[in-house]
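Accompanying notes for the structure given below.
What's counted below: heavy atoms across the whole structure, side chains too, no hydrogens, waters or symmetry copies. Proteins get letters first, then strands, A, B, ... in listed order; numbering begins at 1 in each.
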Number of protein chains: 2
Amino acid sequence: MSRNEPVVGRAYPRLPMPVTPPTLADVAERAGVSRQTVSNAINNPDLLRPDTLARVQEAIAVLGYSPNRAARNLRTRTSQLIGMRIGPAQEGTANATMDRFVHSLVETSREAGYHVLLFAGDGGDPVVGYDALLRSTAVDAFVVTDTYLGNPQAAWLEERRAPFVAFGRPWDALRPGTDQARHPWVDVDGAAGTELATAHLLEKGHDRIAWIGWRKDSRIGEDRRSGWTRAMHGRGLATTGLASRVEDTIASGREASAHLLGSARPSAFVCASDTLAMGVLHTLGDRGLRPGADVAVVGFDDSQVAQVVPPGLTSVRQPLEDVAVHVVSALEGLLAHPAVVGPGVMLTPTLAVRGSS
Amino acid sequence: MSRNEPVVGRAYPRLPMPVTPPTLADVAERAGVSRQTVSNAINNPDLLRPDTLARVQEAIAVLGYSPNRAARNLRTRTSQLIGMRIGPAQEGTANATMDRFVHSLVETSREAGYHVLLFAGDGGDPVVGYDALLRSTAVDAFVVTDTYLGNPQAAWLEERRAPFVAFGRPWDALRPGTDQARHPWVDVDGAAGTELATAHLLEKGHDRIAWIGWRKDSRIGEDRRSGWTRAMHGRGLATTGLASRVEDTIASGREASAHLLGSARPSAFVCASDTLAMGVLHTLGDRGLRPGADVAVVGFDDSQVAQVVPPGLTSVRQPLEDVAVHVVSALEGLLAHPAVVGPGVMLTPTLAVRGSS
DNA sequence: AGGGTGGCCTTGATCGATCCAATGACACCA
DNA sequence: TGGTGTCATTGGATCGATCAAGGCCACCCT
């Protein structure tokens, strides 16, 4: 990274530092009660007589008291923090989805009395970040987001008995013959999403609907693909020759769609991502075909791009707000009853219909 | 928000809870030294004799010890956390810029030994989030990002003597006749960015370059606009009739560009945002004009959209990685020497040239 | 009257690290 | 032998909250 050579101004003195904030003892003295009573006024108000409570609350208000987090954390062995690792800032729609999720998570956590602590993955070992936070008891739990193909985090956290909820189903554990996941998870039913998209296109009169997805070793990709085949076969339509599996780049989507248009001549495309769908739009542009009017296209993720590209890209939208709600509620359950793992939760995406279909 | 009706599985028992992590005393006992010596081994290793140090370090490694964050925080009155508020998850390029910044900030903070705590703004009072974290000493400092037009956060934090660094210059304080800012800040020189963009277009042979920006009450918008006028006037070119100030939406950009094409007949557009630039692309599409070949377009923010829209949107790119570096370093300075406010830092953006110019 | 009961509040101990002042070990020198 | 300075190490106090007991008092019951 090349450092930008900055233009700087001049330094100058600053106003004095803040006084130390009031403590429980300060409030207690002012209200004429003991520390414990103040503590109860905050954590178990119904243990106090109404008049005492009022007196304490007034003292709290006057002094602007708020419990010291560190002290409380030490005593209660709790931090009210949820740790979440964010990957390197690669550009891409997956990243945008994560950002949208983070927003929802922060919002939902706040309502549950938690804050979100972000940490970066060390370049090397992916678990060092988790390990450090865990051993220093800096967070109460984790939200793990990258559970695709055999990533080590989930297994490692399970082994450490660390409380965490996964956004993403435990693919390995769900295979027949394997044990159930030993951790709670929330996921979006990708197959249902692509099925929704395909059904939408079928309704519009299309019957030659192509699929452009990811390589076969992507569990998520194959899951999404299965929704397309299910919808097609459900109508008695063949899928042979209509599918392509490529890298998740615009160029790949462009090539794949060009090839498919030349061979199977589909009138519509369902894609595993908005990125691939953008590739299709490129191809249509090259050939003077109008998206929506001549050839329909549906993407996946409802990214910013899908919303602004002319004429608007129809896309499967993950209900990330709902995911966050279920993640937090699973987290609360986990922390309240550590002995029981809540069941996995599968949510259904929706379809944002735009000009491209 | 409509709750998605989830499909759930079955609950089942979970593995036993983790044992309590080792403490300083455990390490001390195992290494045959006192607690303080272990503490020194961690915080001031050079105070120990090499052989003692080695013994302690081995004990630390064997037990997998890591200092309890809460205890350390309580004693040192520090949390190693940087608080940052994120706004509601509105969709837009501004949001995407912030997300890119958050990534960089998390990364840079990690290197400085800090974590990033995200919190959501309460719907009502914008300072309650700050206030709560501050009074409970949950964070060491804040990064304030939304410093545009007289927002109350900066002034409020200053008054509270809260340590914070702003991403965004203190517009009010920089006006002549007003005091200097009393807090450190880092910003990107928007005018330099649009000047860069305009100069780029001038080099390409354009001389009728239009501006589409935000309404006049936007400080950032006027700043970016000034770069365009500066570049134009520098070449002795007039700007009258070539500018339009609208809302930051695609529709506005579309209308404004359509209007300008009909009146001033520019051969190129410089826009205050990628969103507006997308509006221009829409207009060009409507009229069968090819971006880049027939009419050049430059956006601002180098968003995801700019990168994927055909044929690629040339855009001013903010050096957010550098911003994060300077923000964190200002933060470190602030926490190390609270009595001195470092000077403001202004960084220069770059231009990501793509097919649209 | 004595003892039990429950409501309300207080006291002392504790969480696990760091700060502080003091002690021990050791070499060196008078 | 005793003094002195340096340096590693020690024990105790502390940060500010909560937990676990226990005290006080009014009230009720037999």
*Round to a whole Å and report the spacing from CG of A/Asp26 to P of D/dC15.*
11 Å
*What's the shortest heavy-atom distance between B/His183 and B/Val341, and which atoms?*
C-CG1, 3.5 Å
_Distance test, side-chain N/O of A/Ser34 to OP1/OP2 of C/dT10, below 4.0 Å_ = yes
*asked:* From CG of A/Asn44 over to P of D/dC19, roughly how many Å is that when rounded to an integer?
replied: 8 Å
_Regarding A/Thr37, tell me which of base, sugar-phosphate or nothing describes its non-hydrogen contacts under 4.0 Å with the strands shown._
base
*Short side-chain to backbone donor-acceptor contact, A/Gln80 and A/Gly113, under 3.5 Å*: yes
_Which residue in the set B/Asp140, B/Thr137, B/Asn73 passes side-chain hydrogen bond (donor to acceptor under 3.5 Å, both in side chains) when paired with B/Ser79?_
B/Asp140
_Output the rounded distance in Å from CG (B/Leu53) to C1' (D/dC7)._
15 Å
*Could you give the CD1-to-P distance, from B/Ile42 to C/dG16, as a whole number of Å?*
15 Å
*How many Å lie between CG on A/Leu24 and C1' on C/dT11, as a whole number?*
14 Å
*Phosphate-side-chain proximity, B/Ser39 and C/dT18, N/O vs OP1/OP2 below 4.0 Å*: yes
*Is the number of heavy atoms from other residues, nucleotides or ligands under 6.0 Å of B/Glu29 CD greater than 12?*
no
*Determine the sole option in B/Val186, B/Val144, B/Asp322 for which the side-chain contact (heavy atoms from CB on, under 4.5 Å) test with B/Val327 is passed.*
B/Val186
*Which listed nucleotide (C/dT10, D/dT10, D/dG16) is nearest to the side chain of A/Val33?*
C/dT10
_Aromatic ring proximity, centroids under 6.0 angstrom, B/Phe119 and B/Tyr130_ = yes
_Residues touching DNA chain C, which here means a heavy atom under 4.0 Å, drawn from residues 57-78 of chain A_ = A/Leu74, A/Arg75, A/Arg77
_Using heavy-atom distances to pick each residue's nearest nucleotide on DNA chain D, tell me which of B/Arg49 and A/Gln36 is more 5'._
B/Arg49
_Between D/dG22 (C1') and A/Asn40 (CG): distance, integer Å_ = 15 Å
_Quick check for you: among C/dT18, D/dT18, C/dT10, whose closest atom lies nearest to any side-chain atom of B/Asn43?_
C/dT18
*Rounded off to whole Å, could you give me the CZ-to-P distance for the A/Arg35 and C/dA13 pair?*
11 Å
*Quickly, which of A/Glu158, A/Met84, A/Gln153 forms a side-chain contact (heavy atoms from CB on, under 4.5 Å) with A/Phe164? Name it, please.*
A/Glu158
